[in-house]
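All values derive from a computational prediction rather than experimental measurement. In each ligand, atom 1 is the first atom listed, and ligand 1 is the first ligand listed.
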Amino acid sequence: MKEKIELLLQEIENLKCNTEKDIEETRVRLLGKKGEVTKLFEEFRTIAPEMKREFGQKLNILKNKAAAKIEELKENAASSGTEQSSSTDTSMPGDPLPLGSRHPVSIARQEIVNIFRKFGYDVAEGPEIEDDHHVFESLNFPPNHPARDMQDTFFISNGHLNPLLLRTHTSCVQVRAMESMPLPIRIICPGRVFRNEAISARAHCIFHQVEGLYIDENVTFADLKQAILLFAREMFGPDTQIRMRPSYFPFTEPSAEVDVSCNICHGKGCNICKGTGWLEILGCGMVDPNVLEASGIDSKKYSGFAFGMGVERIAMLKWQVNDLRHYFENDMRFLSEFSHCVEV
Ligand code: PHE
């Protein structure tokens with residue numbers, strides 16, 4: 001019995017268990033109803049009375065040491081947090097956080113900008129609150145000219161010679177560039193514009209444009225056509241065709257509206273292109289000499305072209321969005337449809 005006690009004492013001294021399960025198993029093996037220490041207590045009953053004193057003390061020490069060691073192991077396991085049977089499994093993957101995605105208008109604007117950047121255009125920006133001079137006057141809209149009605153304007157201050165207003169197009173950024181930048185100029189002007197229009201599926205009072213301007217010696221209509229064709233093919237696919245229809249803008253002469261072949265039916269006619277096979281994407285033309293002269297550019301030496309497009313419209317055609325109002329409603333079901341779109 002003496003030996004058994006010594007052996008168990010040694011074993012308890014060297015006990016090493018990490019998990020709650022191991023510790024509990026050890027406790028049962030030593031102190032449980034049929035445990036080794038418990039068994040020794042049973043044996044104790046049968047030993048000679050003169051030995052009882054000595055062994056009684058030893059057994060009590062053994063029992064106390066075993067209990068203390070089990071407690072110590074339990075504390076260690078809890079503080080090191082390594083027990084695998086705990087309810088937290090740190091090896092599990094975390095809960096996924098829902099990620100937002102970029103707004104389709106922002107994706108389309110960036111795509112347009114990237115395409116023209118590849119062609120060598122710089123990005124120019126200007127104020128959203130503008131004056132009459134930069135939005136109309138210097139772009140060949142004389143006061144009271146009916147062409148001003150083409151763009152319903154939000155005026156901020158009325159009655160002055162040069163009232164403040166919310167810009168109706170980003171052509172005013174081009175004017176600022178012509179006034180201040182050295183020639184040649186090759187820029188695109190992305191930005192938010194404002195028109196006093198009733199909100200519907202096809203019109204909104206706030207939308208985004210990207211306009212472009214190229215001024216140098218000997219710039220011709222052929223250059224304009226080539227730039228637009230290359231843009232259309234980058235944006236809508238390599239088989240895209242363009243056609244130009246004569247149009248009118250006060251600041252360009254000649255002016256044109258550009259259609260691209262419908263990227264849904266490839267020109268055969270469908271309900272997106274209303275059976276025509278063509279989709280209108282932008283307005284453009286050769287910068288009117290009056291506009292060049294108003295910004296101090298010699299129109300005998302220099303010529304240039306300009307173009308302007310609505311970003312929402314380009315995005316509608318590219319991704320078949322049928323209602324402009326979707327862009328402004330922040331409905332997650334609509335916005336998350338664009339999470340897969342990658343810029344070119
Ligand atoms: N500024 C015009 C608009 O907002 C677009 C345009 C730009 C047309 C440049 C021709 C040339 O409608």
Side-chain angles (χ1 to χ4, degrees), residues 105 109 112-113 116 119 121 123-128 130-141 145-154 165-178 185-197 202-215 219-221 223-229 231-232 242-260 279-292 294-295 297 299 302-314 316 324:
V105 170
R109 185 198 50 205
I112 299 167
V113 167
F116 281 104
F119 298 166
Y121 286 70
V123 173
E125 286 181 328
E128 291 179 347
E130 260 292 6
D131 54 26
D132 186 277
H133 170 78
H134 287 94
V135 174
F136 294 124
E137 190 80 37
S138 59
L139 284 164
N140 213 22
F141 292 84
H145 192 281
R148 286 178 178 237
D149 288 345
M150 288 165 77
Q151 303 177 355
D152 276 328
T153 311
F154 288 113
L165 42 86
L166 296 180
R167 65 184 182 189
T168 53
H169 51 185
T170 58
S171 302
C172 45
V173 183
Q174 303 174 344
V175 174
R176 287 183 180 275
M178 286 191 284
I185 294 174
R186 188 155 41 183
I187 52 164
I188 41 166
C189 314
R192 196 156 58 146
V193 299
F194 309 84
R195 292 187 194 178
N196 191 2
E197 290 191 27
R202 313 202 120 248
H204 209 286
C205 54
I206 303 174
F207 59 100
H208 299 77
Q209 283 189 324
V210 177
E211 297 215 351
L213 175 71
Y214 176 34
I215 300 177
V219 177
T220 68
F221 200 89
D223 298 322
L224 167 63
K225 209 170 151 187
Q226 186 65 8
I228 302 294
L229 178 66
F231 163 73
I242 62 166
R243 73 174 184 187
M244 292 180 138
R245 288 176 286 105
S247 184
Y248 171 76
F249 300 102
F251 34 87
T252 45
E253 182 60 36
S255 305
E257 265 161 320
V258 178
D259 301 337
V260 290
L279 302 162
E280 187 194 320
I281 58 159
L282 56 80
C284 61
M286 300 306 291
V287 181
D288 192 302
N290 281 348
V291 173
L292 294 176
S295 297
I297 295 172
S299 64
Y302 290 99
S303 56
F305 64 70
F307 55 86
M309 67 191 92
V311 179
E312 281 81 355
R313 176 153 181 86
I314 298 283
M316 276 175 121
L324 207 56

Heavy atom of Gln174 under 4.0 Å from ligand 1? no
Check ion pair Asp132-Arg148 (N to O, under 4.0 angstrom): yes
So which heavy atom on Gln174 is nearest to which on Phe307, and how close? NE2-O, 4.1 Å
One finds that the ligand 1 atoms under 4.0 Å from a non-hydrogen atom of Phe249 are 8 (C), 10 (C)
Does a side-chain N-to-carboxylate-O contact under 4.0 Å join Arg245 and Glu280? yes
List ligand 1 atoms under 4.0 Å from Ala306, heavy atoms only on the residue side. 9 (C), 11 (C)
Just do the ring pair (Phe, Tyr, Trp, His ring centres under 6.0 Å) check on Phe305 and Phe221 with the steps written out, would you? CA-CA 7 Å; Phe305 64 70; Phe221 200 89; 8.9 Å; no
Considering only the protein, which heavy-atom contact is closest to atom 5 (C) of ligand 1, and what is its distance? Glu211 OE2, 3.5 Å
Phe305: heavy atom below 4.0 Å from ligand 1, yes or no? no
Using a 4.0 Å cut-off to any heavy atom of Gln209, which atoms of ligand 1 qualify? 3 (C), 4 (O)
Salt bridge present between Arg243 and Asp259 (N-O < 4.0 angstrom): yes
Tell me: protein heavy atom nearest atom 12 (O) of ligand 1, and distance? Arg195 NH2, 3.7 Å
Polar-atom distance check: Ser171 versus ligand 1, any N or O pair below 3.5 Å? yes
Given that the side chain starts at C-beta and the backbone is N, CA, C, O, which of these parts of Phe307 lies under 4.0 Å from ligand 1, counting heavy atoms, or is it both or neither? backbone
Which atoms of ligand 1 sit under 4.0 Å from any heavy atom of Phe251? 1 (N), 2 (C), 6 (C), 7 (C), 8 (C), 9 (C), 10 (C), 11 (C)
Least distance between heavy atoms, Ser138 atom then Ala294 atom: O-CB, 4.0 Å
Would you say His204 and Glu312 are linked by a side-chain donor-acceptor pair, where the criterion is simply a distance under 3.5 Å? no
